[in-house]
Participant: 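What follows is a structure written as structure tokens; I'll ask about it next.
In what follows, every chain begins at residue 1, and chains take the letters A, B, ... in the order their sequences are listed.
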Amino acid sequence: MLDQKLIRSEPERVKAGVAAKREKVDIDAYLALDEERRNIIAQVDNLKAERNRVSREIADEKRQGADPEDKIKAMREVSAEVKEHDDKLRDVEAKIESLLMWIPNMPHSSVPVGRNEDDNKIIRHWGEKPSIAFEPVPHWDIAESLGLVDFSRASVIAGSNFALFKGKGARLVRALISFMLDMHTRKHGYTEIWPPSLANRDSMMGTGQLPKLEEDMYHCQVDDYFLVPTAEVPLTNIHRGDILDGKSLPIRYTAYSPCFRREAGSYGKETRGLNRVHQFDKVELMKFVVPESSYDELESLVGDAEEVLQALGLHYRVLLLCTGELSFAAAKCYDLEVWSPAQAKWLEVSSCSNFEDFQARRAGIRYRPAAGEKARFVHTLNGSGVALPRIIVAILETYQTGDGRLKVPDVLVPFMDGADVIE
RNA sequence: GGAGAGAUGCCAGAGUGGUUGAAUGGGGCGGUCUCGAAAACCGUUGAGCGGGCAACCGUUCCGAGGGUUCGAAUCCCUCUCUCUCCGCCA
């Protein structure tokens, strides 16, 4: 949610930001409602002030044994008028609220203006495309032939675009999760969390998945719960409604969670194998920080995620997303993409974003810099550290040996019962 | 799923219709005292919205949302959450 004072004072800037993000919201409608709201408040506050004043007089007079009948009668009318205005105000505020929920965050000034992925800026590469002396086999074939993943069983159990990991494949999933959590907790100073995988509507609003992306979520209608699309939702909402002690910042959380996405409208070969599945595993990184440090914290967050890829020896690149590619709530975002040798393309495995105070406003997360000072909104950041299935894609395709076997990346060997090869 | 109890400020905990944003205790912050600290004592300590250059003024908020009333933390209704017992269950 944007600061309403910003919309009021710099509407043109907000309109430009909305356009740069390729969103459509009627800012002028907001401004009109905002003015109407302030008019009503001015009137109703005066009426309430009168009512409060006279009600005190009534109390006094009654205590002295008088019967202030005419004052009570007059206030009855004032109260009726207050109610009328309050009803109108409630109506206007509901409209404002629903409009406000659809206004995206403004892009940071360092974000390149652009329409689509061609306008993203490549920041850096790490490693080289692996030189594979044979025709690399796509991961879905390796996974099946080594018995690591059973796609057909998964579709019997659930449906298309689900994965069932089996044997060493399941072990590889668990190994990666443990490896990543160990790194982030031991080396990068994150506190490990094991959150609920279902979240209520308020939480989904707080982080900005709702209302815009409701169609992308799995929804339990009976209880109005949503399956979380990312641990960002539970992690950010840990502090919904809190005023944090400034001394406790920055707060860094990491969590493994399954992630559920309907991926409505995604078809074809982009979705083959593990490229895009409805349920996947991810280790998430999340920070609550003071505004002054949030952009430095974003850089270090990206670094924390990159270190996972480096340790796994996977060739990757870092992209700075352009305005048109930026998600609804983000002010700035870096994507990490790993190289898939057999598919000869880049796969997104992490998005690291600074939301500034956008989520904090929606979710009411503030901090008090020092005792006695006014509470301010924190800045929130999160990023994948990293998402599993595509990492497995890259591992399978990068570490295939050409004779049907798979080398286990060195850092994972201890997590695989010492096995350095899967065959 | 059934029965009951509860939800008040940073924490604990009073308060059943009239200057109650809220007693009291603890904590925090400031001060006195002290070389310093502790103790003691004194003071102070919520947020949102609207208006104002500001000092400040008004208004709202005692789980959430409605209602009754001249007036609601206090009465009524709905919902959410927590706890206890029963049932069910990995």
Participant: Between Ser145(A) and Ile142(A), is there a donor-acceptor pair closer than 3.5 Å when you use the side chain of the first and the backbone of the second?
Facilitator: yes
Participant: Atom NZ of Lys83(A) and atom P of U69(B): how far apart are they, to the nearest Å?
Facilitator: 10 Å
Participant: Rounded to whole Å, how long is the line connecting atom CZ of Arg63(A) with atom C1' of C70(B)?
Facilitator: 14 Å
Participant: For Arg90(A), which contact category applies under a 4.0 Å heavy-atom criterion: base, sugar-phosphate, or nothing?
Facilitator: sugar-phosphate
Participant: If you look at every strand shown and take non-hydrogen atoms under 4.0 Å, does Lys73(A) touch a base, only sugar-phosphate, or nothing?
Facilitator: nothing
Participant: With both distances under 3.5 Å as the test, what is the Watson-Crick or G-U wobble partner of C62(B)?
Facilitator: none
Participant: Using the P atom as the reference point in each nucleotide, state the distance between U19(B) and A72(B) in Å, no decimals.
Facilitator: 11 Å
Participant: Quick check for you: among G58(B), C81(B), G71(B), whose closest atom lies nearest to any side-chain atom of Ser79(A)?
Facilitator: G71(B)
Participant: Write down the distance between CD1 (Ile58(A)) and P (G17(B)), rounded to a whole number of angstrom.
Facilitator: 18 Å
Participant: Phe415(A) and Val411(A): which non-hydrogen atoms are nearest, and at how many Å?
Facilitator: CD1-O, 3.5 Å
Participant: Look through every strand shown and name the nucleotide pairing with U80(B) as Watson-Crick or G-U wobble, where both distances are under 3.5 Å.
Facilitator: A7(B)
Participant: Taking CD from Glu50(A) and C1' from U59(B), how many angstroms apart are they, rounded to a whole number?
Facilitator: 14 Å
Participant: Look at atom NZ of Lys121(A) and say whether more than 12 heavy atoms of other residues, nucleotides or ligands are closer to it than 6.0 Å.
Facilitator: no
Participant: Can you tell me, in whole Å, how much space there is between the P of C35(B) and that of C42(B)?
Facilitator: 23 Å
Participant: Can you say whether the rings of His219(A) and Phe226(A) are parallel (under 30°), tilted (30 to 60°) or perpendicular (over 60°)?
Facilitator: parallel
Participant: Using a 3.5 Å distance criterion without hydrogens, assess whether the side chain of Thr398(A) forms a donor-acceptor pair with backbone atoms of Ala394(A).
Facilitator: yes
Participant: Within the 3.5 Å criterion, strictly below it, is a donor on Gln359(A) or Asn105(A) matched to an acceptor on the partner's side chain?
Facilitator: no
Participant: Would you mind pulling out the nucleotide paired to C85(B), Watson-Crick or G-U wobble, both distances under 3.5 Å?
Facilitator: G2(B)
Participant: Classify the ring geometry between His188(A) and Tyr190(A) as parallel (under 30°), tilted (30 to 60°) or perpendicular (over 60°).
Facilitator: perpendicular
Participant: Can you check each nucleotide of nucleotides 45-55 of chain B against protein heavy atoms at under 4.0 Å and return B for base, S for sugar-phosphate only, - for none, in 5' to 3' order?
Facilitator: -SSSSSS----
Participant: So does Ala20(A) get a backbone contact from the side chain of Thr323(A), meaning a donor-acceptor N/O pair under 3.5 Å?
Facilitator: yes
Participant: Starting at CZ of Arg51(A) and ending at C1' of U68(B), how long is that distance when rounded to a whole Å?
Facilitator: 13 Å
Participant: For the C1' atoms, the ones on U24(B) and on G13(B), what distance do you get once it is rounded to whole angstrom?
Facilitator: 8 Å
Participant: What is the distance, to the nearest angstrom, from the CG atom on Asp91(A) to the P atom on G66(B)?
Facilitator: 13 Å
Participant: Could you check which nucleotide pairs with U68(B) in any of the strands shown, counting Watson-Crick or G-U wobble with both distances under 3.5 Å?
Facilitator: none
Participant: U16(B) pairs with which nucleotide, Watson-Crick or G-U wobble, both distances below 3.5 Å?
Facilitator: none
Participant: Return the value, rounded to whole Å, for the distance between atom CG of Asn52(A) and atom P of U20(B).
Facilitator: 14 Å
Participant: Which part of the nucleic acid, if any, lies within contact of Lys48(A), taking any heavy atom under 4.0 Å across all strands shown: a base, the sugar-phosphate backbone alone, or nothing?
Facilitator: sugar-phosphate
Participant: Could you give the CZ-to-C1' distance, from Arg56(A) to A72(B), as a whole number of Å?
Facilitator: 15 Å
Participant: Taking for each residue the nucleotide of RNA chain B bearing the nearest heavy atom, is the 5' side occupied by Ala49(A) or by Val54(A)?
Facilitator: Ala49(A)
Participant: Now, which nucleotide makes the Watson-Crick or G-U wobble pair with C29(B), with each of the two distances under 3.5 Å?
Facilitator: G43(B)
Participant: Whom does A73(B) pair with, Watson-Crick or G-U wobble, provided both distances fall under 3.5 Å?
Facilitator: none
